[in-house]
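These notes are about the structure you will find just below.
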Amino acid sequence: MSDTASATADPQVGPGDEDERGTVGPRVQSFRRRAGLSQEAAASRAGISTRALRDIERGRARRPRVHTLRSLAGTLGLSDDELAGLLADARTGPPRDTGRPSLLILGPLVLRRGRTPVPVAGPMLRRLLGLLALKHPEPATQQEITDILWPSGPPRSHPSLIHTYVTQARRLLGPCGPRSTRPPTVVRTPTGYLLEASRNRVDLGHFDELLARAERLYDASDLEARYASLTEALRCWRGPVLADADPVLRRHPAAVAADDRRVRAALLHADTALLLRRSGEAVPLLADLVNTEPLHEGLHARLILALAGSGEQAAALQVFTRLRDRLDEELGIEPGTEIRAAHLRVLRPRQPVPRRTAHQAPAHREPAHRTESHPTESRRTPADGTAPAGPTPPPAQLPLGTRSFVGRRSQMRVLDTLVASDPARRPHIAVVVGAPGVGKTALATHWAHARRDHFRDGQLYVDLRGHSRPPALRPGDVLTQFLRALGAPPHALPAHPPGEDEAAALYRTLLADKRLLIVLDNARDAEQVRPLLPGARGCAVVVTSRSRLAGLVSSDGARRIALDVLDPDEGRRLLGSIAGSCNVAAEEAAARRLVELCGGLPLAIRIAGANLVARNANVAAHCAELAGAGDGILDRLRIEGDRRSAVRSAFELSYRTLPDEARRMFRLLGQLPGPDLTVDAAAALAGTTPTASAALLARLADVHLVRERAGRFGLDVLLRSYARELIGTDEAHTARRRLMLSRAQGPARSDSGQANCSGSYASSAGSRA
């Protein structure tokens with residue numbers, strides 16, 4: 001039996017199973033897979049029988065002979081240190097501390113000793129163990145633990161309760177008998193708690209090690225070894241991360257990132273299976289994953305190719321049809337370039353590439369050792385030497401534009417300078433910046449659809465996820481995605497991991513003579529954007545961000561367009577476009593009040609309008625409901641079952657990116673008795689120096705969580721409600737007390753020794769507090 005077949009035969013093998021077999025067997029097996037050899041080939045080269053090698057790897061020969069291990073070391077290319085470790089393990093035999101605990105979170109949470117499950121009773125203990133395993137080998141902060149254990153808010157005794165749950169976790173993980181090595185445990189850190197265990201005690205750590213090993217194997221000669229590592233890595237998964245946990249834990253950024261890595265491994269596994277002509281082996285895994293990720297085009301494209309490669313063309317076409325219908329129904333978009341290319345490869349069987357004679361030079365030379373492109377976007381020429389079908393169509397990647405778009409005329413005129421007739425007065429880049437929910441993406445996509453005829457060579461679009469729950473996209477990954485959309489030949493794409501400089505150079509080359517629009521949505525900062533800027537003056541770039549992106553303005557000549565909330569008339573028109581203009585006109589005063597309660601924020605107005613339609617309510621009644629909510633208004637400004645349609649979620653994505661001191665300043669600003677304050681008054685409120693206060697306010701203003709006008713800083717209506725939600729009673733009381741003390745002490749002195757012009761404000765604020 002080949003190693004690949006045997007590796008997939010036992011689904012129970014996982015982290016910690018080496019305790020059952022000693023340590024020599026798993027290490028020999030790992031070294032052999034690294035060398036890319038089957039058991040038969042390795043045994044033959046080492047001069048031993050296949051049965052002997054199989055017995056070693058399965059732990060039947062727990063103390064192999066020294067000369068056998070030396071022969072295997074030469075065959076498998078072991079270093080002196082690796083051989084010394086094997087010989088030491090062989091001398092000592094299997095460890096006495098068999099049955100050490102292992103935590104499995106790739107699926108439902110399971111705690112095992114060896115292969116024996118250990119019951120984990122109580123939801124709080126399961127949440128704690130799940131979080132610690134997710135964060136391993138990093139610690140979980142005290143705040144993270146509190147948020148996970150008590151999503152609706154902790155009790156006053158939560159510090160002692162956390163200590164109790166940690167003690168219970170230590171008991172579960174503790175030894176059941178004499179141990180020669182320390183078992184996993186939970187230790188205290190300066191910021192929280194850490195699961196102290198080796199990587200292979202947690203299945204996520206074991207998976208990450210196998211995936212990293214596979215991604216290091218670029219060479220075509222390493223395909224077998226890479227395929228074996230990926231197969232073993234994917235066998236660690238029994239379902240989504242913490243499949244039986246509460247939603248608050250399943251949505252943790254570490255859980256989302258782990259699920260993303262699973263998809264990345266599955267894509268690389270499928271690509272490798274296609275290259276090895278084992279497409280049938282990839283079908284079951286891909287079929288399972290597309291149910292978990294029903295809109296992931298990369299997974300569907302691999303499934304279509306794998307089914308077609310297995311002779312299941314009809315099933316492959318059904319996969320495309322189902323995805324196309326789902327994209328249309330749920331998102332209102334057409335399938336992307338990658339999925340369409342896979343569909344065409346099924347519909348149009350391709351002719352073999354003509355063989356070149358010795359005197360013919362290839363248009364694009366194939367490298368001797370072709371490397372993999374990024375696994376989430378890979379679309380290779382198959383190993384049978386066939387050529388792609390037809391030219392790549394111009395990219396048309398703009399998402400569906402909003403139909404209820406109002407106002408923004410001056411901003412549209414600034415964007416129109418990107419297509420001005422005079423090249424000398426035509427900017428290359430425009431950046432649209434503003435607060436969360438202010439309508440940056442809506443403006444960019446609305447303008448892009450309206451002016452798409454000016455860009456004959458197409459439109460590229462990407463959500464850079466700069467302020468999103470999933471991790472932000474790396475520029476190299478985006479470049480690889482764009483290069484494929486532009487029709488770059490597979491062998492010309494940069495290696496994996498993407499070579500950013502090489503990819504950027506090829507990207508600029510392909511765009512040199514084109515008129516193309518590039519929309520870079522939700523950028524984190526200027527460094528994420530710069531590698532994606534084309535050199536061609538005929539191309540235009542629109543960037544949206546919650547940050548000011550001052551670097552792009554100063555260094556790259558970008559035109560900045562700052563979006564503010566809508567004025568009352570624009571807000572009323574937006575509400576009418578959703579809830580019906582006749583309904584709004586009939587209750588004009590209530591509609592104006594509703595827009596005022598929403599702070600003129602487009603996202604909030606859209607949500608309020610959608611809720612009016614869903615509940616078939618009149619404007620006045622809904623307005624009264626929002627007004628009566630007070631600081632709990634954000635609980636009303638959301639659409640049930642749609643996480644994106646919630647004002648609080650939009651604010652939270654910006655708040656969580658801030659450092660702790662900036663978060664504290666934002667919370668304290670919610671206690672303002674007036675509309676705004678100066679730097680010195682903020683220093684009095686926070687108990688800091690004016691210099692530190694100015695830096696924190698600048699940080700908040702940069703991400704548009706604070707409004708800055710003429711040296712004064714304030715919060716918009718809904719952001720103030722959000723800040724008040726976050727602050728604790730003791731923290732709020734202390735801040736108000738500081739304001740009263742600042743009044744009693746009189747105007748403070750600034751760092752420069754000049755009179756503090758905000759002293760009078762701080763005094764009046766303190767008296768009102």
Side-chain angles (χ1 to χ4, degrees), residues 139-154 156 158-159 162 189-192 253 435-436 467 546-548 631 634 647-708 711-743 745 748 750-751 756 758 761-762 765-766 768-769:
T141 66
Q142 191 89 6
Q143 187 61 50
E144 275 184 300
I145 295 173
T146 302
D147 291 343
I148 291 297
L149 295 185
W150 296 281
S152 302
R156 291 194 174 185
H158 73 273
I162 290 176
T189 71
T191 59
H467 296 85
R546 299 184 182 190
S547 300
R548 288 178 172 174
D631 284 341
L634 298 183
V647 174
R648 181 187 287 110
S649 296
F651 292 165
E652 183 182 22
L653 292 174
S654 289
Y655 175 75
R656 288 190 175 275
T657 63
L658 298 172
D660 290 341
E661 286 302 312
R663 291 187 188 186
R664 174 175 175 268
M665 176 62 82
F666 176 75
R667 294 194 300 269
L668 294 176
L669 292 178
Q671 301 302 302
L672 283 180
D676 54 21
L677 82 176
T678 63
V679 169
D680 293 334
L685 182 69
T688 62
T689 65
T691 302
S693 174
L696 294 173
L697 289 171
R699 179 66 183 266
L700 292 171
D702 183 63
V703 294
H704 293 90
L705 287 180
V706 165
R707 181 188 299 276
E708 179 183 4
R712 303 184 72 86
F713 300 83
L715 296 179
D716 286 332
V717 174
L718 296 181
L719 280 168
R720 182 184 294 238
S721 295
Y722 179 61
R724 287 174 175 169
E725 283 185 1
L726 299 172
I727 199 166
T729 303
D730 293 342
E731 189 176 33
H733 175 74
T734 304
R736 290 193 293 269
R737 187 169 180 271
R738 279 194 293 265
L739 279 177
M740 288 188 287
L741 287 175
S742 71
R743 175 177 182 266
Q745 293 169 357
S750 68
D751 289 347
N756 182 344
S758 67
Y761 172 80
R768 281 179 286 181

Beyond-backbone contact of E708 with L697, side-chain heavy atoms, under 4.5 angstrom: no

Taking the side chain as everything from C-beta on, heavy atoms only, tell me whether R546 gets closer than 4.5 Å to L653. yes

Can you measure from CG (L149) to CD1 (I162) and round to the nearest 0.5 angstrom? 6.0 Å

Quick test of your reading of the model: are E652 and R656 salt-bridged, counting only N-O distances below 4.0 Å? yes

Mark yes or no for whether S654, through its side chain, and F651, through its backbone, hold a donor-acceptor pair below 3.5 Å. no

Output all residues satisfying ring-ring contact (aromatic ring centres under 6.0 Å, His included) with F713, sequence neighbours left out; order by chain, then residue number. none

Please lay out, stage by stage, how T678 and R712 fare under the test side chain to side chain donor-acceptor pair (under 3.5 Å). CA-CA 5 Å; T678 63; R712 303 184 72 86; 5.2 Å; no

Would you compute the distance between atom CG of L705 and atom CG of L669 and round it to the nearest 0.5 angstrom? 10.0 Å

May I ask you to say whether R699 pairs ionically with E661, meaning some side-chain N is under 4.0 Å from a carboxylate O? no

What's the separation between atom CG in L696 and atom CG in L658, rounded to the nearest 0.5 Å? 10.0 Å

Donor-acceptor check, side chain of R724 to backbone of G670, threshold 3.5 angstrom: yes or no? yes

Over all heavy atoms of both residues, which pair between S693 and M665 is shortest? Give the atoms and the distance, please. OG-CE, 3.8 Å

Go through it in stages, so that I can follow the logic: the residues are L634 and E725, the test is side chain to side chain contact (heavy atoms under 4.5 Å, CB included), and I'd like the CA-CA distance, side-chain angles, deciding distance and then a yes or no. CA-CA 9 Å; L634 298 183; E725 283 185 1; 3.7 Å; yes

Please give me the minimum heavy-atom distance between P690 and V679, naming the atom from each residue. O-CG1, 3.3 Å

Donor-acceptor check, side chain of Q671 to backbone of L668, threshold 3.5 angstrom: yes or no? no

Plane angle bin for F666 and Y655 - parallel if under 30°, tilted between 30 and 60°, otherwise perpendicular: tilted

Please report the closest heavy-atom contact between H467 and S547, naming both atoms and the distance. CE1-OG, 4.0 Å

State the NE2-CD1 distance between H158 and I145, to the nearest 0.5 angstrom. 10.5 Å

Kindly state each residue pair satisfying salt bridge (Lys or Arg N to Asp or Glu O under 4.0 Å) with at least one member in residues 662-674, sequence neighbours excluded. R667-E731

In Å, rounded to the nearest 0.5 Å, how long is the span from OG1 of T689 to CG of D680? 10.0 Å

Which value, rounded to the nearest 0.5 Å, describes the distance between R738 atom CZ and H733 atom NE2? 10.5 Å

